[in-house]
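In what follows, a structure is listed as C-alpha cells, so that the remarks can point back to it.
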Amino acid sequence: METVLQLPESEDPCTIKEVVEALRKEKLFPSHESKNWGDWIHFEGERTVISIESMRGLTSSATIEHAEDESEELTPAILRAFGRLKWVGIGEDGEYPLD
C-alpha cells in the first residue's frame, strides 16, 4: 500500500533535513539515502520506506511505501511528522489533512 503526501502549492518546499528532523521528533529512527534515481528515508527495524522527490535538497512530494507487517505506531507517527510541516495527503477525493 502507498500513501502520497505533498506540500500545498501555497507552501515553500522544505529540506529533506527538516523532514528527517520532524520524523525524529516523533521518536522514529530515520536514515536518509540519496541515490541517482531518487531519495529514500528508511526506518531502523522497519521495512516501510518513504520515497521522497527532491531537487537540490528541497522537497514537496513523497510517497510512503507501507510494509504489510509494519508496527501499528509507524504510519501515524510518519503522518504527524509530515503534518507538522504542513504537508497534506493526496487520495482519490483530493487533499486531506494529516493531523
Side-chain angles (χ1 to χ4, degrees):
M1 185 175 98
E2 294 183 344
T3 302
V4 177
L5 309 172
Q6 73 178 30
L7 263 172
E9 289 184 22
S10 61
E11 299 291 331
D12 291 331
C14 63
T15 66
I16 292 179
K17 183 177 180 178
E18 289 172 312
V19 171
V20 170
E21 288 175 9
L23 292 165
R24 285 190 181 129
K25 286 181 182 178
E26 290 296 328
K27 308 221 183 317
L28 300 175
F29 301 97
S31 63
H32 171 235
E33 182 180 10
S34 184
K35 298 282 189 183
N36 291 345
W37 59 88
D39 290 84
W40 296 88
I41 296 175
H42 301 270
F43 299 95
E44 185 176 301
E46 302 286 350
R47 291 188 7 212
T48 293
V49 297
I50 300 172
S51 167
I52 191 159
E53 295 179 28
S54 71
M55 184 171 293
R56 289 179 246 132
L58 296 176
T59 183
S60 60
S61 180
T63 302
I64 304 169
E65 298 179 16
H66 304 276
E68 289 184 26
D69 58 347
E70 75 181 14
S71 66
E72 291 183 20
E73 296 91 31
L74 183 61
T75 296
I78 293 170
L79 297 179
R80 282 192 305 270
F82 276 91
R84 183 181 303 117
L85 295 172
K86 300 181 182 175
W87 289 55
V88 295
I90 304 295
E92 292 178 9
D93 298 327
E95 293 183 1
Y96 59 89
L98 298 176
D99 48 356

Task: Inter- and intrachain pairs under side-chain hydrogen bond (donor to acceptor under 3.5 Å, both in side chains), touching residues 49-63, at least two apart - done: D39-S54
Task: From CD1 (I41) to CG (L23), nearest 0.5 Å - done: 5.5 Å
Task: Nearest-0.5 Å distance, CG of residue D69 to CD of residue E46 - done: 8.0 Å
Open item on the list: Are D12 and L7 packed together at the side-chain level, in the sense that at least one heavy-atom pair is separated by less than 4.5 angstrom?
Closed with: no
- [ ] Could you tell me the separation between the CD1 atom of I52 and the CZ atom of F82, rounded to the nearest 0.5 Å?
- [x] 4.5 Å
TODO: Work out which heavy atom in S34 is nearest to a heavy atom in H32; give both atom names and the distance.
DONE: CB-CE1, 4.0 Å
Task: Heavy-atom closest contact (A81 atom, A22 atom, distance) - done: CB-O, 3.5 Å
Task: Rounded distance (nearest 0.5 Å) linking atom CD of E21 with atom CG of L85 - done: 9.5 Å
Task: side chain to side chain contact (heavy atoms under 4.5 Å, CB included) against Q6, all qualifying residues, sequence neighbours excluded - done: V88, I90, E95
Task: Carboxylate-amine/guanidinium proximity below 4.0 Å for K27 and E73 - done: no
TODO: Decide whether V20 and W40 are clustered together by the hydrophobic rule: side chain heavy atoms of Ile, Leu, Val, Met, Phe, Trp, Tyr closer than 4.5 Å, transitively.
DONE: no
TODO: Spell out, yes or no, whether W87 and Y96 are grouped together once hydrophobic residues are joined by side-chain heavy atoms under 4.5 Å, including indirect joins.
DONE: yes
- [ ] Name all residues meeting the salt bridge (Lys or Arg N to Asp or Glu O under 4.0 Å) criterion together with K35; count only those two or more places apart in sequence or in a different chain, and write none if there are none.
- [x] E33
Open item on the list: Once rounded to the nearest 0.5 Å, what's the spacing between atom SG of C14 and atom NZ of K86?
Closed with: 11.0 Å
Task: Separation between CD1 of I78 and OG1 of T48, rounded to the nearest 0.5 Å - done: 6.0 Å
TODO: State plainly whether one hydrophobic cluster holds both I64 and I16, where clusters connect Ile, Leu, Val, Met, Phe, Trp and Tyr through side-chain heavy atoms under 4.5 angstrom apart.
DONE: yes
Open item on the list: Quick one: does any side-chain atom of E11 pair with a main-chain N or O of P8 as donor and acceptor, under 3.5 Å?
Closed with: no
